[in-house]
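Everything on this sheet refers to the single structure shown next.
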Amino acid sequence: MKFNKKLESIKTYEAGKPIELVVREFGIDPKDIIKLASNENPYGCSPKVIKSVSKIVANMALYPDDSMTKLKNGLQSRFEVEENNIIIGSGSDQVIEFIMHAKANANSKILMNSVTFAMYEIYAKHIGAVVIRTTSQKHDLNEFYELYKTEKPDIIFLCTPNNPTGDAIDRDEMMAFIQKINKDTLVVIDGAYMEYTIYKNKAKSVTPKELIKKYDNVIYLGTFSKAYGLGGMRVGYGIADSKIIKELYKLRPPFNITTLSLEAASIALEDEEFVNNCISLNFDEMKRYEEYAKKKKIDIIESYTNFVTLCLNETQNSTNLANHLLKRGMIIRDLSGYGMNAIRVTVGTPEQNSRFFELTSELL
Ligand SMILES: *Cc1c(COP(=O)(O)O)cnc(C)c1O
């Protein structure tokens, strides 16, 4: 059977290996497996979320509230924006998909960082658009600007902090960059880890409010999958000028978020204290990774997220290390597919991190 030609060049996205797969492949007891591969919150979500979702769990027969008013109201007060500035997606992934279809076509160019979130390229290829990448591993906004001028992309993706490297763009530099971009080019600011950045360094953080107040060609993306501990619920959002949101809405399938997910995200937003505690623990534990890297003479990229990227030296091999850990029941991310001899590790609980150091030291 012949399929859409556009799919030929797409490499299927490999999500962090699920625990179930390691159980099957290596016969390890699920309770002995530690997953530090997808940047989920190791402390889970707020207990208030579990309580309130349990209460409505029997409501499965009816479709969810497609106006999503409760969650939108929560986002409105959190971010001080209007309801018509918000779209909710099944993960921010789905919002990226809407953006691609709304703004680009097969003649479009999409500009992004050399190393960045893999889904930008996959969605670009769905519509047959051409992907343009910088050469610099860090977001170099001068290089972005040069490529913008010569390539005239329809969409520019800035992932800050960036996945899988954890570094973040300076806010003032980013604002100055957006200022120079033509109003018909859409700039996407993917802030999947922004809650961590706000905690660590305000100068590297940006709010959707300040972005959309100044620019009507920018969309900010956020998610409940990382700091809020709701990866299994699939809720993300986009915040932009109402004219952009109106177009994205044309692509949204009805009921794209489940009843339980809507409730979980709404309640999670209310428990700011829980999230802040998790973030504080995250940076305490991250110090241990920095010390470990120093001791082992491995480069660690300064991270504004809940993961660390360890760049190995020439005598070490990231794939070997990842496989070694996998056989011992620990899932992390090998970045060799990104052209880096590096691994990405989600900062886990104190016990999980101790186990990482122990297992890694067997090899390094
Ligand atoms: C995790 C992640 C997302 C998407 O998360 P969803 O679970 O789809 O909301 C988007 N961008 C980056 C950079 C991420 O790391």
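Keep in mind it's a predicted model, so treat the numbers as computed, not measured. Indexing begins at 1, ligand by ligand and atom by atom, following the structure's order.
Note: Phe224 and Tyr228 have tilted aromatic rings, judged against thresholds of 30 and 60 degrees for the angle between ring planes.
Contacts of Tyr215 classified as ring pair (Phe, Tyr, Trp, His ring centres under 6.0 Å), with partners at least two apart in sequence or in another chain: none. Residues forming a side chain to side chain donor-acceptor pair (under 3.5 Å) with Asp66 (at least two apart in sequence, or on another chain): Arg252.
Side-chain N/O atoms of Asn39 and Tyr193 include a donor and acceptor closer than 3.5 Å.
The cationic group of Lys226 does not satisfy the cation-pi geometry with Tyr196, failing either the under 6.0 Å distance to the six-membered ring centre or the 45° limit from the ring axis.
A distance limit of 4.0 angstrom between heavy atoms and ligand 1 selects the residues Gly91, Ser92, Asp93, Phe117, Cys159, Asn163, Asp190, Ala192, Tyr193, Thr223, Ser225, Lys226, Arg234.
Within the structure, the ring-ring contact (aromatic ring centres under 6.0 Å, His included) test picks out the following pairs touching residues 157-184 (sequence neighbours left out): Tyr120-Phe157.
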